[in-house]
Amino acid sequence: MTIASYRRILLKLSGEALMGDGQYGIDPATVTRMAGEVKAAQDTGLEICLVIGGGNIFRGMAGAAQGMDRAQADYMGMLATVMNALAMQSALEQLGVPTRVQSAIEMDKVCEPVIRRRAQRHLEKGRVVIFAAGVGAPYFTTDSGAALRAAEMKCDALLKGTSVDGVYNADPKLDPNAVRYDTLSYDRVLQDNLKVMDASAVALCRDNSIPIVVFSIREQGNLARVLSGQGTATTVHQKD
Ligand code: UDP
């Protein structure tokens with residue numbers, strides 16, 4: 001299946017994608033720009049699931065490094081992802097995109113619980129479904145949450161929007177000779193420990209044959225460009 005023939009995708013954005021030029025938290029103008037990217041992609045006729053991290057607010061590992069109980073800190077990180085999901089929901093709806101937030105930690109005053117068949121219906125009705133709180137358990141990340149939701153929602157691909165335009169054999173910000181892959185296999189990502197997503201998330205995508213498309217979310221209009229098969233990206237799939 002080529003990128004241009006995808007019908008349903010899961011878009012994973014890290015919490016940092018909502019920070020703008022800041023060092024922390026949510027920059028409303030940046031969230032609006034990200035929402036515009038999602039709208040442009042949806043306007044091409046795609047069904048869209050969204051997962052947003054929480055690293056712009058709180059990461060469990062950072063809390064644990066400062067002496068907090070890891071599981072407790074991870075729950076705080078999950079709550080951060082709910083805040084990001086609500087911010088994105090507002091921004092999308094201001095652009096006229098109908099949305100629902102489903103959280104893996106139930107929070108019935110602000111969003112729905114994760115109910116797969118209900119999410120399915122939302123997508124069919126043209127709503128963007130934002131899945132919050134990762135997998136709902138500590139010791140995981142939102143990358144694993146994204147892979148899990150992509151599998152259960154039968155997405156054609158998991159698109160990971162980052163600050164670089166694909167996967168390189170070395171960090172392109174540090175090594176000017178770093179080479180970008182157009183495609184590569186899940187096994188190579190895992191063997192070479194390439195920084196695509198957590199190993200558990202990559203393995204889940206591999207076991208369910210969900211391609212991972214890594215692209216830059218920094219340039220305006222890039223998500224729609226990549227989805228039309230024209231943008232720069234790296235696709236991780238079964239073969240090298
Ligand atoms: N988290 C968790 N379980 C999950 C998803 C997230 O414990 O299923 C916690 C974890 O502490 C993580 C934080 O939430 O550090 C924020 O998520 P993540 O680091 O994945 O955000 P991103 O790096 O994508 O912004």
Side-chain angles (χ1 to χ4, degrees), residues 9-27 30-31 33-35 37-38 49-89 91 101-107 110-111 113-114 116 119 129-153 158-164 167 171 173 189 193-205 210 212-218 223 236:
I9 59 151
L10 186 139
L11 173 64
K12 160 77 207 295
L13 298 177
S14 69
E16 285 170 3
L18 308 188
M19 265 178 0
D21 293 331
Q23 297 296 309
Y24 176 83
I26 297 170
D27 174 46
T30 305
V31 182
R33 191 178 81 67
M34 292 298 153
E37 294 287 312
V38 175
C49 304
L50 201 55
V51 167
I52 308 171
N56 54 323
I57 300 172
F58 196 83
R59 276 207 179 90
M61 294 274 267
Q66 291 177 43
M68 285 183 71
D69 175 72
R70 169 73 193 270
Q72 185 82 342
D74 276 342
Y75 279 110
M76 291 171 64
M78 285 182 257
L79 297 180
T81 72
V82 179
M83 291 173 64
N84 284 338
L86 295 180
M88 179 56 85
Q89 177 171 45
V101 175
Q102 294 199 344
S103 171
I105 295 177
E106 291 188 23
M107 232 177 281
V110 292
C111 59
V114 176
R116 185 178 65 86
V129 182
I130 308 171
F131 291 102
V135 304
Y139 299 96
F140 284 93
T141 66
T142 50
D143 281 350
S144 293
L148 173 65
R149 303 302 169 211
E152 69 173 338
M153 298 311 299
L158 191 166
L159 276 90
K160 169 135 177 163
T162 69
S163 57
V164 283
V167 182
D171 185 344
K173 287 175 185 155
V189 168
N193 200 16
L194 297 172
K195 300 280 171 261
V196 176
M197 294 200 307
D198 297 341
S200 58
V202 174
L204 193 55
C205 288
I210 300 166
I212 305 167
V213 180
V214 183
F215 71 102
S216 167
I217 193 75
R218 295 216 159 180
L223 175 59
V236 183

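All residue numbers in this chain count up from 1 along the given sequence. Computed from heavy atoms alone, side chains included, the values below leave out hydrogens, waters and symmetry copies. Indexing begins at 1, ligand by ligand and atom by atom, following the structure's order. A quick note: this is a predicted structure, and the numbers were derived from the prediction, not measured.
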Legend entry - Close approach, Pro138 and ligand 1, non-hydrogen under 4.0 angstrom: yes
Legend entry - Any donor-acceptor N/O pair, Arg116 side chain to Arg149 backbone, under 3.5 Å: no
Inset, instruction - Could you tell me the residue and atom name of the protein heavy atom closest to atom 3 (N) of ligand 1, and the distance to it rounded to 0.1 Å? - result: Ala137 O, 2.7 Å
Legend entry - Closest protein heavy atom (residue, atom, distance) for atom 18 (P) of ligand 1: Thr142 OG1, 3.4 Å
Legend entry - Exam field: side chain Asn84 to backbone Gly53, donor-acceptor pair closer than 3.5 Å: yes
Legend entry - Closest contact, heavy atoms only, Ala80 versus Ile57: CB-CB, 3.7 Å
Legend entry - Residue pair Leu50 / Met88, side-chain heavy-atom distance below 4.5 Å: yes
Inset, instruction - Identify the protein heavy atom lying closest to atom 7 (O) of ligand 1, giving its residue, its atom name and the separation to 0.1 Å. - result: Asp74 CB, 3.1 Å
Inset, instruction - List the closest protein heavy-atom neighbour of atom 2 (C) of ligand 1: residue, atom name, distance to the nearest 0.1 Å. - result: Phe140 O, 3.0 Å
Inset, instruction - Please assess Ile217 against Glu37 for the test side-chain contact (heavy atoms from CB on, under 4.5 Å), listing each intermediate value before the final yes or no. - result: CA-CA 8 Å; Ile217 193 75; Glu37 294 287 312; 4.3 Å; yes
Legend entry - ligand 1 versus Lys12: contacting region, heavy-atom distance under 4.0 Å: side chain
Inset, instruction - List the closest protein heavy-atom neighbour of atom 14 (O) of ligand 1: residue, atom name, distance to the nearest 0.1 Å. - result: Gly77 C, 3.1 Å
Side-chain donor-acceptor pairs of residues 195-204 under 3.5 Å, sequence neighbours excluded:
unit_1	atom_1	unit_2	atom_2	d
Asp198	OD2	Thr141	OG1	2.2
Ser200	OG	Ser144	OG	2.9

Legend entry - N or O pair under 3.5 Å between Ala73 and ligand 1: no
Legend entry - Side-chain donor or acceptor of Arg59 paired with backbone N/O of Ala73 under 3.5 Å: no
Legend entry - Contact (N/O only, under 3.5 Å) between Gly55 and ligand 1: yes
Legend entry - Evaluation steps, side-chain contact (heavy atoms from CB on, under 4.5 Å), between Val214 and Thr162: CA-CA 7 Å; Val214 183; Thr162 69; 4.2 Å; yes
Legend entry - Protein heavy atom at shortest distance from atom 5 (C) of ligand 1: Thr141 C, 3.4 Å
Inset, instruction - Starting from atom 15 (O) of ligand 1, find the nearest protein heavy-atom neighbour and note its residue, name and distance. - result: Gly60 N, 3.3 Å
Inset, instruction - Give the residue, atom name and distance (to 0.1 Å) of the protein heavy atom nearest atom 19 (O) of ligand 1. - result: Arg59 NE, 3.3 Å
Inset, instruction - Specify side chain, backbone, both or neither for Tyr75, according to which of its non-hydrogen atoms lie closer than 4.0 Å to ligand 1. - result: neither
Legend entry - Check: Asn56 side chain, Gly25 main-chain N or O, donor-acceptor pair, under 3.5 Å: yes
